[in-house]
Student: 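Supplied in structure tokens, the structure appears directly below.
The model shown is predicted, which means the values in this text are computed figures rather than measured ones.
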Amino acid sequence: MFVLITYDVNTEDAAGRKRLRQIAKQCLNYGQRVQCSVFECVLDPADYRSLEAKLLSIMDEKRDSLRFYELGAHYEQRIRHYGVKETYLPEEPLLL
């Protein structure tokens with residue numbers, strides 16, 4: 001399934017900046033950063049539950065916000081991209 005993950009972490013103190021780095025690192029392990037605090041991930045149900053649990057354990061529910069948008073298996077028709085960053089299809093091979 002295709003999942004869009006967004007977050008807003010309060011970075012007024014060192015602990016917040018650490019949470020921000022930890023959340024970004026976990027998201028990078030599972031998907032592609034498409035904007036500063038937005039990741040696109042193709043996950044099976046087990047990976048989705050695992051990532052969600054990891055992120056919830058990192059965040060501070062009183063200071064941070066975390067959102068998961070499940071776009072399902074046929075996500076290609078649900079995404080429109082405009083602007084400078086080149087779009088990609090996460091299930092296609094990545095050539096370096």
Student: Nearest 0.5 Å please: distance from the CD atom of Glu61 over to the CG atom of Leu56.
Tutor: 7.0 Å

Student: Hey, what do you get for CG (Leu51) to SG (Cys27), rounding to the nearest 0.5 Å?
Tutor: 5.5 Å

Student: Atom CG of Asn10 and atom CE of Met59: how far apart are they, to the nearest 0.5 Å?
Tutor: 11.0 Å

Student: Roughly how far, to the nearest 0.5 Å, is CG of Leu4 from CD of Gln35?
Tutor: 9.0 Å

Student: First locate atom CZ of Arg49, then atom CG of Asp44, and finally report the distance between them rounded to the nearest 0.5 Å.
Tutor: 8.0 Å

Student: Looking at Phe39 and Ala24, what are the two nearest heavy atoms and their distance?
Tutor: CZ-O, 3.8 Å

Student: With a 4.0 Å cut-off on N to O distance, would you call Asp8 and Arg63 a salt bridge?
Tutor: no

Student: Tell me, with the steps shown, if Glu40 and Phe2 meet side-chain contact (heavy atoms from CB on, under 4.5 Å).
Tutor: CA-CA 7 Å; Glu40 294 178 347; Phe2 189 84; 3.5 Å; yes

Student: So, taking the atom named CG in Leu20 and the one named OG in Ser37, what distance separates them when rounded to the nearest 0.5 Å?
Tutor: 6.0 Å

Student: Consider only side-chain heavy atoms of I, L, V, M, F, W and Y, link residues closer than 4.5 Å, and tell whether Tyr7 and Leu43 are in one cluster.
Tutor: yes

Student: Is a donor on one side and an acceptor on the other found under 3.5 Å between the side chain of Arg33 and the backbone of Cys36?
Tutor: yes

Student: Are Leu66 and Ile58 in one and the same hydrophobic cluster, where Ile, Leu, Val, Met, Phe, Trp and Tyr link if side-chain heavy atoms are under 4.5 Å apart?
Tutor: yes

Student: Which heavy atom of Val9 sits nearest a heavy atom of Gly16, and at what distance?
Tutor: CG1-O, 3.4 Å

Student: Let's go through Val3 and Tyr69 carefully: what are the C-alpha distance in whole Å and the side-chain angles of both, what is the deciding distance for side-chain contact (heavy atoms from CB on, under 4.5 Å) to 0.1 Å, and is it a yes or a no?
Tutor: CA-CA 6 Å; Val3 180; Tyr69 298 89; 6.0 Å; no

Student: Hey, mind stepping through Ile5 and Leu55 against side-chain contact (heavy atoms from CB on, under 4.5 Å) and telling me if it holds?
Tutor: CA-CA 10 Å; Ile5 300 172; Leu55 296 181; 4.1 Å; yes

Student: Using the rule that two of Ile, Leu, Val, Met, Phe, Trp, Tyr join whenever any of their side-chain heavy atoms come within less than 4.5 Å, decide whether Leu28 and Val38 are in one cluster.
Tutor: no

Student: Please enumerate all residues that pass ring-ring contact (aromatic ring centres under 6.0 Å, His included) together with Tyr48, with sequence neighbours excluded.
Tutor: Phe68

Student: Quick one: do Leu71 and Val42 end up in the same hydrophobic cluster if we chain Ile, Leu, Val, Met, Phe, Trp and Tyr together by side-chain heavy atoms under 4.5 Å apart?
Tutor: yes

Student: What pairs of residues pass the side chain to side chain donor-acceptor pair (under 3.5 Å) test when at least one of them lies in residues 14-29, not counting sequence neighbours?
Tutor: Arg19-Asp64

